[in-house]
A.B. asks: 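Dropping the structure in here first, questions after.
Note that these values count all heavy atoms, side chains included, but never hydrogens, waters or copies made by symmetry.
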Amino acid sequence: MKLSHIKSENFEVALKYAQSIVSGKKVACKETKQAAQRFIYDLKRKDLDFKQEQFDFVIGLIENTIAHQQGEDLLGKPLTGEPLLLQPWQKFVIVNLLGFFNKNSNIRRYHESLIMIPRKNGKTAFASALGWALSILERNSGSKLYILANSLKQTMESFGFLTYNVNRLNDKTIRIRDNNQEHSITKKFGDRGSIFIQALASDPKRLDSLNSNLLILDEVHTWESAKRYILMKNSQKAYRNKLLIAISTAGDIPNGFLANRLSYCQKILNGTIEDDEYFIFICKADQDEKGNVLDYTDPKILEMANPSCGVSVDLDDLIRDAALAMNDPQTRGEFLNKSLNIFTSSLKAYFDINEFRASDNQYNWSMEELAKMPIVWYGGADLSKLHDLTAAAIHGRLTHKGKEIDISITHAFFPIVKAHIKAEEDGIPLFGWQDDKVLTMSNTPTVSYDDIVNWFIKMKKKGFKIKKVGFDKKFGREFFLKMKKAGFKIVDQPQYFYRKSEGFRRIEVKVKNGEYYYLHNQAYEYCVQNVRAIEKTDDMIQYEKVDGDGGTARIDLFDADVFACCQMLEDMATTASVSQWLNS
């Protein structure tokens, strides 16, 4: 596209910011570099128009009407009442969101965005100010902006910032309601439209009937499922120039909504997935293939994760925090989450899921390929009491390039009549697993034993040589008998922790050595992240769900795999030769 008509200082700032990152002059993480490269490339596209009027209006409105509510600059000078002057990265975001248009139209290209930056980088003030300016911009359409966080307290941080600034305007035509029933800002512009801004509590029942063109979703790292996100996004269907802005830091729910959305956004940035309506700006520390930050005390790593470094974030403070995190493990998780924007496992979780993913990503055998390999497979099953998650697994080992690789194939089962309720209440992505073909929905009130037996039969017909299956028969004698009738050698395997410890330790060692493959099964990853373990005497280990018996977490697929692994280990210890059995 031709840019000769663009005479904007704000555009020059955004372009120089992008160029400095692409050239390496400014330190940045991989995702920020990809966003900058995307911007420069898109400016050359002929199927888009680029206009300056909207981003110039919004930036000018923010810098001339919005002031800091609190805080100090790096020299200790109070900022209260001082104009909010946007930083280059913030202008880069606004220029992207409001500069690109579909060819020969007034419809903006971007309708959805993720802005993911560490704390203390001014994200709440920036998002609130942007929401205010966008509302004024879209006033002729009867603009409606909703602000939502995980808690009303967090939502009120944004709303309080806006009310502070609205009161400074001394505009009697702006109506503010701030009570137990409603937190809103309203203004009518005569024949020129209106604005309505409301801070919402995170109650799904109240989100279902909304109608909006603008959304700010704050701290979405605390959301375990996509339910609220989808409800809010659906509220925008009546508008063409709609915009959803999700803004957050990382957290300790690595299988939650934001962690999965981050993975999707990274694929957009690297070109694996095409989504031309999604704008992404992510600042974080770079990680290696195992998810580790190589040296989080390195000033360059700290700077790349914090775009406001030197303005609202002091580099010396970050260096001190990094040293503390290195020397005091109990502060490390919080530092990685909030200062480096890195997802970590919950402190209660035993495993680091990044180690599992790093090992799994080394291999890519398909189910069909594995069925043809000379592998002896051992089965395991973990049945639910009634209407809950049930799991089956087969576990085998393969010598590959001088290494003995353990391979786990797991499958989940759930009664369809309870699936919607449990998926929403407990934040389990059951229907996503069904789409990935790693979960079967039973058409019965409880999980049907026949479905599980049929899965083992299907695997056997595909070519998997299943020697025996371990299962605690006191949790499903009927299943035990059905498996016998189907021709499987099924072994009664009581759920004693000292019996399961050996399988648990085998999996742990194989993962750490990069010798473990689970076919990229996200349902299995979900269960692994919910395992809490307690060390016992003689290197024994007892494990359970991170939130105890009454919690909403699930570990069933991992549990079934441990059963299967235990059968494999016990069989390895017998005098019978595996090769003799295969040839019999």
A.B. asks: Kindly assign one of parallel, tilted or perpendicular to the pair His183 and Phe159, based on the angle between their ring planes and the thresholds 30° and 60°.
C.D. replies: perpendicular

A.B. asks: Looking at side-chain heavy atoms only, is the closest gap between Tyr239 and Leu214 below 4.5 Å?
C.D. replies: no

A.B. asks: Is any side-chain heavy atom of Ile273 less than 4.5 Å from a side-chain heavy atom of Tyr278?
C.D. replies: no

A.B. asks: Just by distance, no angles: are the side chains of Ser158 and Thr124 close enough, under 3.5 Å, to form a donor-acceptor pair?
C.D. replies: no

A.B. asks: In plain terms, say whether Arg45 and Asp276 are close enough for a salt bridge, that is, a side-chain N and a carboxylate O under 4.0 Å apart.
C.D. replies: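 Yes, Arg45 and Asp276 are salt-bridged.
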
A.B. asks: How about Met116 and Lys284: do any of their side-chain heavy atoms sit closer than 4.5 Å?
C.D. replies: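 The answer is no, as the side chains (C-beta and beyond) never meet within the 4.5 Å cut-off.
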
A.B. asks: Evaluate the criterion ring pair (Phe, Tyr, Trp, His ring centres under 6.0 Å) for residue pair Trp89 and Tyr17; output intermediate values, then yes/no.
C.D. replies: CA-CA 7 Å; Trp89 73 265; Tyr17 176 80; 8.2 Å; no

A.B. asks: Do the charged groups of Arg261 and Glu112 touch, with an N to O distance under 4.0 Å?
C.D. replies: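 Salt bridge: yes.
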
A.B. asks: Is there side-chain contact between His221 and Glu219, with at least one heavy-atom pair below 4.5 Å?
C.D. replies: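 Side-chain contact under 4.5 Å: yes.
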
A.B. asks: Got a sec, which pairs hit side-chain hydrogen bond (donor to acceptor under 3.5 Å, both in side chains) with one end in residues 59-79, sequence neighbours left out?
C.D. replies: none

A.B. asks: Less than 4.5 Å apart, any side-chain heavy atom of Leu389 and any of Leu557?
C.D. replies: yes

A.B. asks: Cation-pi check for Phe189 against Lys187: NZ or CZ below 6.0 Å from the six-membered ring centre and within 45 degrees of the axis, yes or no?
C.D. replies: yes

A.B. asks: Before accepting this row, confirm whether a basic side-chain N of the pair Lys103/Asp47 lies closer than 4.0 Å to the acidic partner's carboxylate O.
C.D. replies: no

A.B. asks: Heavy atoms, side chains only, cut-off 4.5 Å: are Thr249 and Lys123 in contact?
C.D. replies: yes

A.B. asks: Could you check, using the six-membered ring where one of them is a Trp, whether Trp433 and Phe414 have ring centers closer than 6.0 angstrom?
C.D. replies: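 When the ring centroids of Trp433 and Phe414 are compared, they turn out to be at least 6.0 Å apart.
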
A.B. asks: Go through it in stages, so that I can follow the logic: the residues are Gln198 and Arg177, the test is side-chain hydrogen bond (donor to acceptor under 3.5 Å, both in side chains), and I'd like the CA-CA distance, side-chain angles, deciding distance and then a yes or no.
C.D. replies: CA-CA 9 Å; Gln198 185 175 13; Arg177 289 182 176 176; over 6 Å; no

A.B. asks: Without swapping roles, check the side chain of Asn165 against the backbone of Phe161 for a donor-acceptor pair under 3.5 Å.
C.D. replies: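 Side chain of Asn165 to backbone of Phe161: a pair is present.
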
A.B. asks: For the aromatic rings, using the six-membered ring if either is Trp, is the centroid distance between Phe50 and Phe100 under 6.0 Å?
C.D. replies: yes

A.B. asks: Do Leu97 and Arg108 have side chains that get closer than 4.5 Å, going by heavy atoms?
C.D. replies: no

A.B. asks: Tell me, do Arg109 and Asn102 make a side-chain contact under 4.5 Å, heavy atoms counted?
C.D. replies: yes

